[in-house]
Protein chains: 2
Amino acid sequence: MREMKPDTTTRRRSATIKDVAKRAKVSLKTVSRVVNSEPSVLEATRKRVERAIAELNYQPDLSARSLRSAKSYTIGMVYDNPNAYYVIAMQNGVLSVCRATGFDLNIHPCDSNSPGLAEELCELVQRSRLAGLVLAPPMSERMELIEFLAANKIKFVRIISAAADPRDGFPCVFVDDRDAAYAVTEHLIQLGHQRVGFLWGGKAHRSSPERYQGYEDALRHYGITLDKALIVEGDYSFDDGFRGARKLLALRNPPTAIFGSNDEIAAGVLAAAKAANLNVPYDLSIAGFEDSPFSRQCWPALTTAAQATGDIARRATERLIAELRHHGRHAEDSAENVGFSPTLVIRGSTGPVKPGAAQGK
Amino acid sequence: MREMKPDTTTRRRSATIKDVAKRAKVSLKTVSRVVNSEPSVLEATRKRVERAIAELNYQPDLSARSLRSAKSYTIGMVYDNPNAYYVIAMQNGVLSVCRATGFDLNIHPCDSNSPGLAEELCELVQRSRLAGLVLAPPMSERMELIEFLAANKIKFVRIISAAADPRDGFPCVFVDDRDAAYAVTEHLIQLGHQRVGFLWGGKAHRSSPERYQGYEDALRHYGITLDKALIVEGDYSFDDGFRGARKLLALRNPPTAIFGSNDEIAAGVLAAAKAANLNVPYDLSIAGFEDSPFSRQCWPALTTAAQATGDIARRATERLIAELRHHGRHAEDSAENVGFSPTLVIRGSTGPVKPGAAQGK
DNA sequence: CGGCATCATGACAACGTTGTCAACAATTCG
DNA sequence: CGAATTGTTGACAACGTTGTCATGATGCCG
């Protein structure tokens, strides 16, 4: 009998392992073995089965598979980040690996402050049968949460700031915020700035103290005494950047440069500077952190530290999946925690200190 | 030996329908009926089963369910949008409905220009056993794609610009870009602007001509003759906004206001104005469209049209799920295509035309 | 009061896959 | 040369759920 219809519109009842077995004249189990690249299949048999698979365009049914094997081919990505660019970059990184490896992705935005978060995540894993989780900051840095997940035998990989000590035994990919913040601060200092303001990010994030440390280290290294008045606490937000900058600019001896802990903060600083009729970078230099698209789209564009968010997420996902695959056995190539270092990107928002600017008291 | 661990860490083998049945002293099938709120269960029985469910914290296994019923409880969200804010807002809207209804979400960013997109989506639906799709623009507006999906019996709901005629028979939620663009243009005219530039968005999006129409309608209504020189084509991007604005500002008789088809374009215009040393809004008024967070974070903040992206996505998802639930029968409350109208938000980037500005030739 | 819907419930098969175990052939070893 | 080992394959059960159908109980009508 011949093919009945052109292929494009036929609603092909998708082929099952049974169809493949029949066509290749082997048992179900042998097909299964081929599909899962198990050993102990004769080369000739394997070839025959593979051809049958190709001819029928067979794709294993994820539901049946995960039902039977209690394994799953879906990973979860957990984040609580108001920053859309960051989230999208992470998602795309995770997704690219998922697609390459045949995993599905289940995104799970959540509230990192929720007291029931640990249970929520356990239930999520159970309900959606997730094979493992990719944890973004700040969840990834809350040790009691991490330990709870580990105790419940949930597999995960964390994306963290180096401060969280990648050698605590739980797998992670880490970002060296401190070094990058040092580089940003150094850049400002080398432009002649002696009074550099610093706006903190959210306390829930380990990256905040890390970035602060980088700032402090650079000042110390260049022999500039720390002025507490130039340091303002806040959150990773535009509004806190605006508020913080207003506070700093109102000082009797204001800074000539302000380092915001991320680009949103820096955007707030920029707005405050504009509102105060300052000319950036002539009257005030501004630096951010993260290199979101809008740091390029501000005017002037922001000097910042570019972190390869997509790559970081990709690497994290690779680690997780390698671990899931080898299930216990150590995945030789992926067992190490990998670090990423953001790099300084110099744009128009930073410039040499103004000749006549008040320096020191 | 004593109990090994406190309860928080015990890996509770999750309860199955069998456990619930045993506890409630009914058959498997009755539990199933309760879970799926099928009729024909005595009130007393239902109560008993519900208690058992609660006590055991039972959650149906999605894999088993979809395997057996060939239905699925996962919907896909298909988008190709470089705008992170828009995507995140959509995702969150879709997710909120998913969570409320017990569906899972599978996100699928894709390339709307890919020639194999239709097949790609069919395979996606098959492979991941998706119950239906939420389609964002511009995929949602490509009729040959839509028809292909429909021919393959894939359920979907579209989010489209009103131009695509919501009465074409395929379910959708639509946005009245035209009216909103009219309102934005009207606002500029009422500020005294006679020469209003317009920067087009991407041609792949139906919203582009819609927004242009709104602009044209407003000019006509106020008796302002259309000046083709003030209209520039481009894409929904910062760079095209920058380029377009440069072009307009270089005219011998430049516009006193520029309406960018979305906020990214407007941000580009803002940058171009700054680069040209113009004072916004004194020398040039700028309006955008969409109300992304950064329209509030520019300086000056952008006048724009706020579309309730989250609500739109939510409504679309509700429609889709209602349709999936009633599977054929018409879902009475959700069968209608719903429209949304973005609303004008006035901020600092628009102001009265400068008294001495050249008006007309 | 007999017959016939209607309702509430349960027994059982089936969904597509993988795990267990046994069967059998080919090879190696004592 | 027989026994043990290895390698390749298949039969069958099981995963947790829902669909089909059968069962018995109840109510209604003539």
Side-chain angles (χ1 to χ4, degrees), chain A residues 12-50 52-53 56-74 102 104 126-129 131 324-325 327, chain B residues 12-50 52-53 56-74 102 104 126-129 131 324-325 327:
Chain A
R12 46 180 182 284
R13 177 92 203 81
S14 52
T16 77
I17 207 172
K18 221 165 169 173
D19 304 320
V20 177
K22 201 173 298 174
R23 186 165 193 121
K25 299 198 205 307
V26 293
S27 73
L28 300 186
K29 185 63 220 200
T30 301
V31 177
S32 171
R33 276 189 265 260
V34 171
V35 170
N36 296 290
S37 38
E38 286 172 30
S40 294
V41 179
L42 229 49
E43 194 50 32
T45 317
R46 181 183 305 277
K47 277 270 152 56
R48 222 166 59 237
V49 172
E50 271 164 358
I53 288 176
L56 295 174
N57 187 26
Y58 164 75
Q59 298 223 288
D61 182 302
L62 288 185
S63 301
R65 198 180 239 191
S66 73
L67 170 60
R68 173 60 235 223
S69 66
K71 275 177 217 148
S72 113
Y73 297 83
T74 302
D104 261 359
Q126 197 171 96
R127 179 179 170 292
S128 297
R129 279 184 173 264
L324 294 175
R325 283 258 170 80
H327 196 58
Chain B
R12 49 178 182 286
R13 178 94 202 82
S14 55
T16 79
I17 206 172
K18 219 164 171 175
D19 304 319
V20 176
K22 202 173 297 175
R23 186 165 192 121
K25 297 196 205 310
V26 292
S27 73
L28 300 186
K29 184 63 218 198
T30 301
V31 177
S32 172
R33 275 191 265 259
V34 172
V35 171
N36 296 290
S37 39
E38 287 172 28
S40 295
V41 178
L42 228 48
E43 193 50 31
T45 317
R46 180 183 305 278
K47 278 268 151 54
R48 220 166 60 238
V49 173
E50 272 164 357
I53 288 176
L56 295 174
N57 186 28
Y58 165 75
Q59 298 224 288
D61 180 301
L62 288 186
S63 300
R65 200 180 236 189
S66 72
L67 170 60
R68 172 60 236 220
S69 63
K71 275 177 217 151
S72 112
Y73 296 84
T74 302
D104 260 0
Q126 194 172 96
R127 181 180 169 290
S128 297
R129 278 184 175 263
L324 294 175
R325 282 255 169 82
H327 197 59

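Note that this is a predicted model, so its numbers are computed, not measured. Computed over heavy atoms, backbone and side chain alike; hydrogens, waters and symmetry mates excluded. Here is how names work: the chains are called A, B, and so on, in the same order as the sequence lines, proteins then strands, and each is numbered from 1.
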Look at the side-chain N and O atoms of B:Thr30 and state whether any lies under 4.0 Å from the OP1 or OP2 oxygen of C:dG10.
-> yes
Would you mind telling me which of D:dT17, C:dT18, D:dT8 lies closest to the side-chain atoms of A:Leu42?
-> D:dT8
Of all the nucleotides listed (D:dT9, C:dT17, C:dT18), which has the minimum atom distance to the side chain of A:Asn36?
-> C:dT18
Could you check how far NZ of B:Lys22 sits from P of C:dG10, rounded to whole Å?
-> 15 Å
Should A:Ser27 be listed as having a side-chain N or O under 4.0 Å from OP1 or OP2 of D:dT9?
-> no
If only side-chain N and O atoms of B:Tyr73 are considered, is one of them under 4.0 Å from the OP1 or OP2 phosphate oxygen of D:dT17?
-> no
Rounded to the Å, how far apart are B:Lys47 NZ and C:dA8 P?
-> 15 Å
Please check the phosphate of D:dT18 (OP1 and OP2 only) for any side-chain N or O of B:Ser32 closer than 4.0 Å.
-> yes
Could you state the atom-to-atom distance from CD of A:Glu43 to P of D:dT9 in whole Å?
-> 11 Å
Any idea which of C:dT17, C:dT20, D:dT18 is nearest the B:Lys29 side chain?
-> D:dT18
Measure the distance from CG on A:Leu28 to P on D:dA11 and round it to the nearest whole Å.
-> 8 Å
Could you tell me which non-hydrogen atom of A:Val34 sits nearest to which non-hydrogen atom of A:Arg46, and how far apart they are?
-> CG2-CA, 4.1 Å
Give B:Pro39 one of three labels, base, sugar-phosphate or nothing, depending on what nucleic acid heavy atoms sit under 4.0 Å from its own.
-> nothing
To the nearest 0.5 Å, tell me how far A:Tyr58 OH sits from A:Ile53 CD1.
-> 7.0 Å
Considering heavy-atom distances to DNA chain D, does B:Glu38 or B:Leu67 have its closest nucleotide positioned more toward the 5' end?
-> B:Leu67
Check whether the side chain of A:Lys18 and the base of C:dG16 form a donor-acceptor pair under 3.5 Å.
-> no
Among D:dT17, D:dG19, D:dT9, the nucleotide that comes nearest once only the side chain of B:Arg65 is considered = D:dT17
Whole-Å distance between C:dT17 C1' and B:Asp61 CG?
-> 13 Å
Does the side chain of B:Lys71 get closer than 4.0 angstrom to OP1 or OP2 of D:dG19 through an N or O atom?
-> yes
Given atom CZ of A:Arg46 and atom C1' of D:dG7, what is their separation to the nearest angstrom?
-> 13 Å
Interatomic distance, A:Arg68 atom CZ to A:Arg65 atom CZ [nearest 0.5 angstrom] = 13.5 Å
Assess whether one donor atom and one acceptor atom, taken from the side chain of B:Arg33 and the base of C:dG10, lie less than 3.5 Å apart.
-> yes
Any A:Ser69 side-chain nitrogen or oxygen under 4.0 Å from OP1 or OP2 of D:dC15 = no
Look at the side chain of B:Arg68 and the base of D:dT18, then say whether one donor and one acceptor between them are separated by less than 3.5 Å.
-> yes
Could you state the CG-C1' distance from B:Leu62 to D:dC15, rounded to the nearest angstrom?
-> 15 Å
Round to a whole Å and report the spacing from CD1 of A:Ile17 to P of D:dA14.
-> 19 Å
Distance from B:Asp61 atom CG to B:Thr16 atom OG1, nearest 0.5 Å?
-> 9.5 Å
Could you please spell out the steps behind the side-chain contact (heavy atoms from CB on, under 4.5 Å) verdict for B:Arg129 and B:Thr74?
-> CA-CA 7 Å; B:Arg129 278 184 175 263; B:Thr74 302; over 6 Å; no
Just to confirm, is there a sub-4.0 Å distance from OP1 or OP2 of C:dT9 to any side-chain nitrogen or oxygen of B:Thr45?
-> yes
Base, sugar-phosphate alone, or nothing: which one does A:Val35 contact when heavy atoms must sit under 4.0 Å apart?
-> nothing
Measuring from B:Leu42:CG to B:Arg48:CZ, what's the distance to the nearest 0.5 Å?
-> 9.5 Å
